[in-house]
Enquirer: 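Below are the structure tokens for one structure; questions will follow.
Worth knowing before you read on, the calculation uses all heavy atoms, side chains too, and leaves out hydrogens, waters and symmetry mates.
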Amino acid sequence: MIDFTPLLQPDRGQPARLIDVVHPNDFAGWLGSQPPRVRALLAAHRITGKAGDKAILPGDAADDWSALLVCDEAATSPWRIASQAEILPEGTYRLRAGPVGAAGLGWLLSQHRFERYRGSDAGGPRVLLSAEPARIAETVQLARATAVVRDLVNTGASDLGPAELEAEAAALAARFGATLSVVRGDALVTGYPMIHTVGQAASRERAPRLIELEWGDPAHPRVAIIGKGVCFDSGGLDIKPSSGMRLMKKDMGGAAHALALAELVMASGLAVRLHMLVPAVENAIAGNAFRPGDVLRTRAGMTVENTNTDAEGRLILGDALTRAGEEKPELILDFATLTGAARVALGPDLPALFANDTTLAADLIAAGSVVHDPLWQLPLWDGYDEMLKSDIADMVNAPDGGFAGAITAALFLRRFVPMATPWAHIDTFAWRATAKPGRPKGGEALGMRAAWAVLRTRFGG
């Protein structure tokens, strides 16, 4: 992964080329203040002040130039100058007016490439100078966390199975002095039966496991972060069509979010007792694959009639939520690429938020708005709870009919959360289908920065 640290540096007056960022509404006034040669150049290139217009402007000396960006993004947007970091040549830059602010994140992420399977085409580094040195370290940490999510989600399933997710967690634990514990394979049968059942058809080297990381002072408030780690989802015996299976390497996107958020917590030294849990499986097809109609035992003692082997993510999360609740945390956050229904309702860019606590929900939504990482709350509608009724077990995992799929999935998860514990479930796509400046097509962190902002406010002082 690229080292972001050199790309955002304190402004100590060192030489740098200037970037003018002009709002379309202000373009006419700005243009009128420019020398004739600049106005002539912009006219020749038909730069009229539309959002997205860009140009290189000549300076007084033969080798002097600056950059123009016409931008209608809010001054608080991380993506305000992201396009500049993608197209400008190697060098050092500063904004002519105003602070860098949140835009430093987009500047950094525009220079990140997923290069595991091909060579780099990033060019030389583009360094941005900031007059807010106190913000630099956190911006670099956020860029790294986002890149972690992107890289993990982009990695093919042949190179990222349950064992590799465990290795990522082990490296994180070693880096921050955390404690790692893992229950694997048949050892899951008695303690985490749903995780075992979902993952039992995978090959031995891709055996299911529950990965747990703990860090921080036990006297501090306990916070559980859980991520769905389905490293590939064939759909099981309820097999997906090829079109639906194409992106199922990303079904561990929740685990990627959990790992990245845990890194932010530890790197920032939040005053929490962190408990990260990743149930990691491959939903494979073999003679011992679990079947529609099977009744599954759970860590919580309830039984689940499996009505669809492609609704497996909620099963493994159920055991992980139960484990988290046993430690009586003050807060539980889970991330999961859980339902297509959430994408039908809200599209790819807007994660669905479910929460059993109104304050927690409001805080997450407000934080998402501030940091431009939006969430949209859907209801834990009690009236739909009866859709989970089974004739032979305590519940089904996927109701017939297809109605309210994201809501019934969240209601299923709620049954494994202690009633008095604030809990939020983020049903995220973890993928960007079309590229935007600073946001390439592929794996994406959606909802992570909003959650981080809440944790930092609550526990970071």
Enquirer: Would you find a donor on one side and an acceptor on the other, under 3.5 Å apart, between the side chain of Arg343 and the backbone of Gly347?
Expert: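 Checked: pair present.
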Enquirer: Can you find a pair of side-chain heavy atoms, one from Arg458 and one from Leu270, that are under 4.5 Å apart?
Expert: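 No. Closest side-chain heavy atoms not under 4.5 Å.
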Enquirer: To check you understand the geometry: which heavy-atom pair defines the closest contact between Phe416 and Phe412, and what is its length?
Expert: CD1-O, 3.3 Å
Enquirer: Looking just at side-chain N and O atoms, do His275 and Glu327 make a donor-acceptor pair shorter than 3.5 Å?
Expert: no
Enquirer: Can Ser268 and Gln141 be said to form a side-chain hydrogen bond (donor to acceptor under 3.5 Å, both in side chains), step by step?
Expert: CA-CA 9 Å; Ser268 300; Gln141 288 171 1; 3.1 Å; yes
Enquirer: Taking the basic N atoms (NZ, or NE/NH1/NH2) and the acidic carboxylate oxygens, is any pair closer than 4.0 Å for Glu330 and Arg222?
Expert: no
Enquirer: Nearest 0.5 Å please: distance from the CG atom of Leu109 over to the CH2 atom of Trp79.
Expert: 5.0 Å
Enquirer: Looking only at side-chain N and O atoms, does Thr339 offer a donor or acceptor that is under 3.5 Å from a partner on Asp427?
Expert: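 Distance-only check passes for Asp427 and Thr339.
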Enquirer: To the nearest 0.5 Å, how far apart are CD1 in Ile195 and CZ in Arg209?
Expert: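 Those atoms lie 11.5 Å apart.
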Enquirer: Is there a side-chain contact between Leu128 and Leu7 in this structure, where contact means two heavy atoms from C-beta onward sitting under 4.5 Å apart?
Expert: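 Leu128 vs Leu7: side chains apart.
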Enquirer: Can any side-chain N or O of Glu166 pair as donor or acceptor with the backbone N or O of Ile211 at less than 3.5 Å?
Expert: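 Looks like no, no N/O pair under 3.5 Å.
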Enquirer: Does atom CH2 of Trp376 have more than 12 heavy-atom neighbours, drawn from other residues, nucleotides or ligands, at distances under 6.0 Å?
Expert: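 Open.
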Enquirer: Give a yes/no verdict on a cation-pi contact between Arg17 and Tyr93, requiring under 6.0 Å between NZ or CZ and the six-membered ring centre and an angle within 45° of the axis.
Expert: no
Enquirer: If you measure from CG on Leu88 to CD1 on Ile19, what distance do you get to the nearest 0.5 Å?
Expert: 5.5 Å
Enquirer: Measure the CG-CD distance between Leu259 and Glu263 for me, rounded to the nearest 0.5 Å.
Expert: 9.0 Å
Enquirer: Within the distance-only criterion (no hydrogens, no angle test), does the side chain of Asp159 pair as donor or acceptor with the backbone N or O of Gly156 below 3.5 angstrom?
Expert: no
Enquirer: Between His425 and Asn356, do the side chains contain an N or O donor and an N or O acceptor separated by less than 3.5 Å?
Expert: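 Not at all, the side chains of His425 and Asn356 share no donor-acceptor pair under 3.5 Å.
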Enquirer: Ion pair present between Arg94 and Asp11, side-chain N to carboxylate O less than 4.0 angstrom?
Expert: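 Here Arg94 pairs with Asp11 in a salt bridge, since their nearest N and O are under 4.0 Å apart.
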Enquirer: Dump the intermediate steps for side chain to side chain contact (heavy atoms under 4.5 Å, CB included) on Leu446 and Trp431, then the final yes or no.
Expert: CA-CA 8 Å; Leu446 297 169; Trp431 189 262; over 6 Å; no
Enquirer: Would you confirm whether His257, through its side chain, and Gly253, through its main-chain N or O, come within 3.5 Å as a donor-acceptor pair?
Expert: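 Indeed, once roles are kept as given, a pair shorter than 3.5 Å links the two residues.
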Enquirer: Quick test of your reading of the model: are Arg126 and Glu90 salt-bridged, counting only N-O distances below 4.0 Å?
Expert: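 Salt bridge between Arg126 and Glu90, a charged N being under 4.0 Å from a carboxylate O: no.
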Enquirer: Does any N or O in the side chain of Lys249 come within less than 3.5 Å of the main-chain N or O of Cys231, such that one atom is a donor and the other an acceptor?
Expert: no
Enquirer: Verify, without hydrogens or angle tests, whether Asn154 (side chain) and Gly443 (backbone) share a donor-acceptor contact under 3.5 angstrom.
Expert: yes
Enquirer: Quick one, Met387 with Trp381, criterion side chain to side chain contact (heavy atoms under 4.5 Å, CB included). Give me CA distance, side-chain angles, the key distance, then yes/no.
Expert: CA-CA 11 Å; Met387 292 184 183; Trp381 188 251; over 6 Å; no
Enquirer: Mind checking whether Met194 and Arg299 have side chains closer than 4.5 Å, heavy atoms only?
Expert: no
Enquirer: Would you mind reporting whether Arg273 and Val223 have side-chain heavy atoms less than 4.5 Å apart?
Expert: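 They are not in contact (no side-chain heavy atoms under 4.5 Å apart), so the answer is no.
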Enquirer: Could you please spell out the steps behind the side-chain hydrogen bond (donor to acceptor under 3.5 Å, both in side chains) verdict for Thr307 and Asn397?
Expert: CA-CA 6 Å; Thr307 51; Asn397 64 326; 3.0 Å; yes
Enquirer: A side-chain contact here means heavy atoms from C-beta on lying under 4.5 Å apart; do Asp319 and Leu210 qualify?
Expert: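 Side-chain contact under 4.5 Å: no.
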Enquirer: Just by distance, do the side chain of Lys228 and the backbone of Thr337 share a donor-acceptor pair under 3.5 Å?
Expert: yes
Enquirer: Nearest 0.5 Å, what's the CG-CG distance between Asp238 and Asn308?
Expert: 4.0 Å
Enquirer: I want to check something: taking the side chain as every heavy atom from C-beta on, are Val22 and Cys71 in contact at a cut-off of under 4.5 Å?
Expert: no
Enquirer: What I want to check is whether the side chains of Asp334 and Trp423 have a donor and an acceptor closer together than 3.5 Å.
Expert: yes
Enquirer: Any side-chain heavy atom of Thr197 sitting closer than 4.5 Å to one from Leu188?
Expert: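 They are not in side-chain contact.
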Enquirer: Starting at CG of Leu455, measure out to CE of Met448 and round the result to the nearest 0.5 Å.
Expert: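 The CG atom of Leu455 sits 11.0 Å away from the CE atom of Met448.
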Enquirer: Quick one: do the Asp186 and His196 side chains pair a donor with an acceptor below 3.5 Å?
Expert: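 Side chains of Asp186 and His196: pair found under 3.5 Å.
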Enquirer: Can you see whether Asn283 engages Asp233 through a side-chain donor-acceptor pair at a distance of less than 3.5 angstrom?
Expert: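 Their side chains do contain a donor-acceptor pair, which is all the 3.5 Å distance test asks for.
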Enquirer: Closer than 4.0 angstrom, basic N to acidic O: yes or no for Arg116 and Asp151?
Expert: no
Enquirer: What I want to find out is whether Glu444 reaches Arg432 closely enough, with some N-O distance under 4.0 Å, to be called a salt bridge.
Expert: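 Judged by the 4.0 Å cut-off on N to carboxylate O distance, Glu444 and Arg432 do form a salt bridge.
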Enquirer: Which pair of non-hydrogen atoms, one from Ala284 and one from Ala201, has the smallest distance, and what is that distance?
Expert: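 Looks like O-CB, 3.6 Å.
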Enquirer: Please test Asp251 against Glu312 for side chain to side chain contact (heavy atoms under 4.5 Å, CB included), starting from the C-alpha separation and ending with a verdict.
Expert: CA-CA 11 Å; Asp251 212 19; Glu312 83 298 331; 3.3 Å; yes
Enquirer: Could you tell me whether the side chain of Lys54 reaches within less than 4.5 Å of the side chain of Gln84, counting heavy atoms only?
Expert: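 They are in contact (side-chain heavy atoms under 4.5 Å apart), so the answer is yes.
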Enquirer: Go through it in stages, so that I can follow the logic: the residues are Val230 and Glu282, the test is side chain to side chain contact (heavy atoms under 4.5 Å, CB included), and I'd like the CA-CA distance, side-chain angles, deciding distance and then a yes or no.
Expert: CA-CA 5 Å; Val230 178; Glu282 180 172 351; over 6 Å; no
Enquirer: Assess whether a salt bridge exists between Arg144 and Asp3, defined as any Lys/Arg side-chain N lying under 4.0 Å from an Asp/Glu carboxylate O.
Expert: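 No salt bridge links Arg144 with Asp3.
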